[in-house]
Protein chains: 2
Amino acid sequence: MKGDQRKKEILKTAAQLFRKKGYNAISMRDLAQALGIKAASLYNHIKSKQEILSLIVMEVAESFTLGIDSISKSKISSIQKLNQIIELHVNITIEHADAISSVNNDWMHLKEPDLDSFIKMRDGYEDKLRKIIKKGIKDKEIADINIEVMLFSMLSTLRTLHLWYSKKQGINKEELCGQMKHILLKGISLDK
Amino acid sequence: MKGDQRKKEILKTAAQLFRKKGYNAISMRDLAQALGIKAASLYNHIKSKQEILSLIVMEVAESFTLGIDSISKSKISSIQKLNQIIELHVNITIEHADAISSVNNDWMHLKEPDLDSFIKMRDGYEDKLRKIIKKGIKDKEIADINIEVMLFSMLSTLRTLHLWYSKKQGINKEELCGQMKHILLKGISLDK
DNA sequence: GTCTATAAAATGATAGAC
DNA sequence: GTCTATCATTTTATAGAC
């Protein structure tokens, strides 16, 4: 089961299809056809359609959780932590662009106990980021703007990076990280 | 047909349900039940499930198109135009928070000719915003960062405002607009 | 304008042959 | 490991009674 190459293909193709039309719009027949087999054959590799969604979404959610935990703990300034969080999102987006679409839009179709686990991870992520911003304001590293607006704005941009990244070529990872840091942390206006 | 109050109720309830689970996850039975009637009764007011989606999505898409057209034409600075675009998004989000969710996530389930029309409006919107940013850079009102990154970052935040706005109370429209302008245009870092 | 009854198609999933 | 055949359920939508 560990080396089931076919299962990996199924998950990869499913993530691609879910990204285009969403979990509910893709039938097992659609998925099978994209793989060149019949729908019934899928069940030799996966237990159910639900399991496919779960494997796709939970893996990425766990990567984000591990990432933010590590950044939270490290002994660096708040601005440096925000820089690392931007890098975390860019890295995961590049590696799991299709899956992120389901993390953003299909998570509500998870079933218990995954649904509860996902929501806890998501809330925990937001809370850790909120604490980093709060400390940054206290230490006068970050402007004293409404913290929830700030949090929302950063997360919106980082979470939807996948919508835009795959369309643009000619920008490498380092350049992208640099631009994102500039825009998210320093703004675009010149009139100060 | 103009004064069909029931039809308006159907569209409003449908938008609420689509927001929670997406167009494909909501059946006509679900919608009917939320309205306290049977599924068959819906068809006295609407032609099909497709028509419901179309009415919800296209109205909001047209509002955005009208708004950006008007802003584009007016004789004000680029930064002032960006300020007005932020106001446009805040206003439409407050008035059509449920519908915006379908505009973001369910538009791909539109059928022709609506699908093509929607995509044209969306591309047109992005292009008008791109031109405003470009002129702002030329006139030295806006920092000379990668224009596509800037465009993407602004739109990501503005388009997902609905995810966040309905959760937070205690912030009024004017305050929200002010904070968004600050974050999107001036950034959050203090170290310059 | 809403109901019951029902058609026609699509869906997730299983059984068993090869 | 994939196939054909099939099942049980759900789905959108229509017809016709009230």
Side-chain angles (χ1 to χ4, degrees), chain A residues 1-58 102 105-115, chain B residues 1-58 102 105-115:
Chain A
M1 189 62 90
K2 198 63 176 290
D4 193 339
Q5 196 57 41
R6 197 63 160 152
K7 186 165 184 172
K8 286 180 193 162
E9 284 180 62
I10 291 172
L11 295 176
K12 190 183 164 190
T13 304
Q16 285 168 1
L17 296 179
F18 293 169
R19 181 185 191 173
K20 276 186 223 152
K21 300 189 147 201
Y23 174 72
N24 273 284
I26 301 298
S27 70
M28 294 300 272
R29 284 166 180 81
D30 294 332
L31 175 54
Q33 191 172 31
L35 287 155
I37 57 176
K38 296 291 174 182
S41 307
L42 291 169
Y43 292 88
N44 242 288
H45 306 277
I46 49 95
K47 206 176 107 287
S48 64
K49 194 186 175 192
Q50 268 297 316
E51 192 200 19
I52 297 177
L53 181 65
S54 172
L55 290 172
I56 290 172
V57 171
M58 300 306 279
S102 286
N105 301 314
D106 291 324
W107 63 268
M108 69 286 280
H109 303 119
L110 290 169
K111 291 259 197 296
E112 300 297 357
D114 287 327
L115 180 59
Chain B
M1 188 62 95
K2 198 62 176 292
D4 194 337
Q5 197 57 41
R6 198 62 158 152
K7 186 164 185 174
K8 286 179 192 162
E9 283 180 62
I10 292 172
L11 295 177
K12 190 182 165 189
T13 304
Q16 285 168 1
L17 296 178
F18 292 169
R19 181 184 190 174
K20 276 187 222 150
K21 300 190 147 201
Y23 173 74
N24 273 283
I26 301 298
S27 71
M28 295 299 272
R29 281 174 182 75
D30 294 332
L31 174 56
Q33 191 172 31
L35 287 156
I37 58 176
K38 296 289 174 182
S41 307
L42 291 169
Y43 292 88
N44 241 288
H45 304 279
I46 48 94
K47 206 177 108 286
S48 64
K49 193 185 175 193
Q50 268 297 315
E51 191 202 21
I52 296 176
L53 180 66
S54 172
L55 290 171
I56 290 172
V57 171
M58 299 306 279
S102 287
N105 301 315
D106 291 324
W107 62 267
M108 71 285 280
H109 302 119
L110 290 169
K111 290 259 195 298
E112 302 295 358
D114 287 328
L115 179 59

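Residue numbers begin at 1 in each chain, while the letters A, B, ... track the order of the sequences. Nothing here was measured: the structure is a model prediction, and the numbers come from that model.
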Original post:
Is there side-chain contact between B:N24 and B:D106, with at least one heavy-atom pair below 4.5 Å?
Top reply: no

**OP:** Kindly indicate, with the supporting measurements, whether the criterion salt bridge (Lys or Arg N to Asp or Glu O under 4.0 Å) is fulfilled by B:K7 and B:E51.
**Re:** CA-CA 11 Å; B:K7 186 164 185 174; B:E51 191 202 21; 3.6 Å; yes

Tell me: [atom1] of [X] to [atom2] of [N], nearest whole Å?
X: A:L31; N: C:dA10; atom1: CG; atom2: P; value: 18 Å
X: A:Y43; N: D:dC3; atom1: OH; atom2: C1'; value: 15 Å
X: A:K49; N: D:dT10; atom1: NZ; atom2: P; value: 15 Å
X: B:R6; N: C:dC3; atom1: CZ; atom2: C1'; value: 13 Å
X: A:L42; N: D:dG1; atom1: CG; atom2: C1'; value: 12 Å
X: B:I46; N: D:dT14; atom1: CD1; atom2: P; value: 9 Å
X: A:M28; N: D:dT9; atom1: CE; atom2: C1'; value: 16 Å
X: A:H109; N: C:dT11; atom1: NE2; atom2: C1'; value: 15 Å

**OP:** Nearest-nucleotide wise, let me know which of A:A25 and B:K38 is further upstream toward the 5' end of DNA chain C.
**Re:** B:K38

Subject >> 5'-most by nearest nucleotide on DNA chain C - A:D30 or A:K47 >> reply: A:D30

Original post:
Looking at the side chain of B:S48, which of D:dA13, D:dT12, C:dT4 is the nearest nucleotide?
Top reply: D:dA13

Original post:
Between D:dT12, C:dA15, D:dT14, which one does the side chain of B:A40 approach most closely?
Top reply: D:dT14

**OP:** Report the C-alpha separation of A:M58 and A:L53 in whole Å, then their side-chain angles, then the decisive distance to 0.1 Å, and conclude whether the side-chain contact (heavy atoms from CB on, under 4.5 Å) test is met.
**Re:** CA-CA 8 Å; A:M58 300 306 279; A:L53 181 65; over 6 Å; no

**OP:** Would you indicate, yes or no, if C:dA10 has its OP1 or OP2 atom less than 4.0 angstrom from a side-chain nitrogen or oxygen of A:S27?
**Re:** no

**OP:** Name the nucleic acid region contacted by A:R29, choosing base, sugar-phosphate or nothing; use a 4.0 angstrom heavy-atom cut-off, strictly under.
**Re:** base

**OP:** Determine the contact category for B:I26: base if any of its heavy atoms lies under 4.0 Å from a base atom, sugar-phosphate if only primed atoms, P, OP1 or OP2 are that close, otherwise nothing.
**Re:** sugar-phosphate

**OP:** Check the pair A:K12 / A:E9 against salt bridge (Lys or Arg N to Asp or Glu O under 4.0 Å), numbers first and verdict last.
**Re:** CA-CA 5 Å; A:K12 190 183 164 190; A:E9 284 180 62; over 6 Å; no

**OP:** Anything under 30° is parallel, anything over 60° is perpendicular, the rest tilted; go ahead and classify A:Y23 against A:H109.
**Re:** parallel

